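Before any comments, here is the structure.
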Amino acid sequence: MKLLKYALSIIVLTTVVSCGFYSFTGASISPDTKTFQVNYFQNNAILVEPGLDRDFTNALTDLLLNQTNLDLVKSNGDIIYEGEIVEYRISPTTATANNTAAQNRLTVSINVRFYNTKNDEDNFEQKFSHFFDYDGNQQLLGTQRDAAYAEIFERITQDIFNASLAKW
């Protein structure tokens, strides 16, 4: 009986320890990495949409807070994200018989620099981009614009997370 309890204890302990660094988000973060920092993403696009820089910076910060157990700091983070919005473009994708746009596409591209102060080999600079298509008869305003930003930011921030922490 004592041997059975001992064996069961070992099995439970091994299971708990082996799952200790597993993350359901797919992140592989070093145990000595405790903090992250997201610097303000300046809008350097030719067409500047007011507030886009703030909204993107907040979206990336929120994703990292929700998908990691890291603490947000204003300076000296263990991992650092910075960059700039380099493209904000609305272009027609399809035309009607009357030579008007049947569908438009909003494209947003963001250049990201990622620094891991615990492992310099993880550092990178990469451009991330995504688009949102909408009806050519509509203006990109109000709830339509909010939906476009939500979809674009969700995809870009997840791509940044995957490239920096999930290593996908």
Side-chain angles (χ1 to χ4, degrees), residues 21-94 101 103-136 138-168:
F21 298 111
Y22 180 76
S23 167
F24 289 107
T25 63
S28 56
I29 302 170
S30 168
D32 60 333
T33 301
K34 305 288 186 209
T35 61
F36 76 95
Q37 170 184 339
V38 178
N39 294 335
Y40 190 72
F41 278 76
Q42 192 81 20
N43 193 342
N44 293 339
I46 293 172
L47 179 60
V48 174
E49 179 68 20
L52 186 71
D53 42 7
R54 176 201 62 232
D55 293 345
F56 177 77
T57 302
N58 290 340
L60 181 58
T61 302
D62 290 346
L63 176 113
L64 292 166
L65 284 170
N66 291 331
Q67 293 193 12
T68 69
N69 61 353
L70 301 175
D71 295 321
L72 174 65
V73 295
K74 293 189 182 290
S75 61
N76 299 320
D78 294 331
I79 57 175
I80 303 166
Y81 295 86
E82 67 180 27
E84 52 279 334
I85 299 169
V86 294
E87 180 182 26
Y88 181 94
R89 178 173 38 98
I90 298 174
S91 55
T93 57
T94 57
Q103 191 172 33
N104 288 325
R105 174 172 286 179
L106 168 64
T107 304
V108 176
S109 299
I110 300 178
N111 187 55
V112 176
R113 288 177 296 281
F114 171 77
Y115 303 102
N116 183 341
T117 61
K118 304 292 184 183
N119 184 2
D120 290 340
E121 292 178 10
D122 290 345
N123 297 351
F124 67 82
E125 182 171 357
Q126 185 176 341
K127 182 178 170 183
F128 296 89
S129 185
H130 194 63
F131 61 87
F132 178 83
D133 292 335
Y134 62 98
D135 191 278
Q138 294 182 338
Q139 295 273 339
L140 192 58
L141 300 170
T143 56
Q144 179 84 0
R145 184 187 65 203
D146 294 344
Y149 289 1
E151 181 177 318
I152 290 170
F153 289 171
E154 181 181 349
R155 174 58 74 80
I156 292 176
T157 57
Q158 193 62 55
D159 288 348
I160 292 168
F161 177 86
N162 291 343
S164 60
L165 298 177
K167 310 289 192 288
W168 290 3

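We count residues from 1, following the sequence as given. The structure displayed is predicted, hence computed values, not measured ones.
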How long is the gap from CG on Asn69 to CD1 on Ile29, to the nearest 0.5 Å? 6.0 Å

Any heavy-atom pair between the side chains of Glu151 and Phe131 that's under 4.5 Å? no

Heavy-atom pair of closest approach, residues Lys127 and Ser109: CE-CB, 3.5 Å

Contact check, side chains of Thr157 and Phe56, non-hydrogen atoms, under 4.5 Å: yes

For Asn111 and Glu125 the tightest heavy-atom approach is ND2-OE2, 2.8 Å

Looking at side-chain heavy atoms only, is the closest gap between Leu64 and Leu165 below 4.5 Å? yes

At what distance, to the nearest 0.5 angstrom, does NZ of Lys74 lie from OG1 of Thr35? 13.5 Å

Under a 4.0 Å N-O cut-off, is there an ion pair linking Glu84 with Arg113? yes

Would you call Gln144 and Phe132 a side-chain contact if the rule is heavy atoms closer than 4.5 Å? yes

Taking everything shown except Gln139 itself, do over 12 heavy atoms lie less than 6.0 Å from its CD? no

The reported gap from CG in Asn58 to CG in Leu63 (rounded to nearest 0.5 angstrom) is 12.5 Å

The ring-ring contact (aromatic ring centres under 6.0 Å, His included) partner of Phe114 among Phe128, Phe36, Phe124 is Phe124

Quick check: closest heavy atoms across Ser129 and Glu87, and the distance to 0.1 Å? OG-OE1, 4.5 Å

From Asp78 CG over to Asp71 CG, what is the distance, rounded to the nearest 0.5 angstrom? 9.5 Å

Do Arg105 and Asp133 have side chains that get closer than 4.5 Å, going by heavy atoms? yes

Carefully, step by step, assess Phe153 and His130 under the rule side chain to side chain contact (heavy atoms under 4.5 Å, CB included). CA-CA 8 Å; Phe153 289 171; His130 194 63; over 6 Å; no

For Leu47, I'd like to know if atom CG has over 12 heavy atoms of other residues, nucleotides or ligands within 6.0 Å. yes

How far apart are the closest heavy atoms of Leu140 and Ala148, and which atoms are they? CD1-CB, 4.1 Å

For atom CD of Glu154, is the number of surrounding heavy atoms from other residues, nucleotides or ligands below 6.0 Å larger than 12? no

Hey, what do you get for CG (Asp55) to CG (Asp53), rounding to the nearest 0.5 Å? 8.0 Å

How long is the gap from CD on Gln42 to OG1 on Thr57, to the nearest 0.5 Å? 9.0 Å

Flag side-chain contact, heavy atom, 4.5 Å: Ile110 against Ile85: yes

Might you work through the side chain to side chain contact (heavy atoms under 4.5 Å, CB included) test for Asn123 and Asn116, ending with a clear yes or no? CA-CA 6 Å; Asn123 297 351; Asn116 183 341; 3.9 Å; yes

Taking CZ in Arg145 as the centre, count heavy atoms belonging to other residues, nucleotides or ligands within less than 6.0 Å. Is the count above 12? yes

Anything under 30° is parallel, anything over 60° is perpendicular, the rest tilted; go ahead and classify Tyr149 against Tyr88. perpendicular

Flag yes if more than 12 heavy atoms outside Asn76 fall under 6.0 Å of its CG atom; otherwise flag no. no

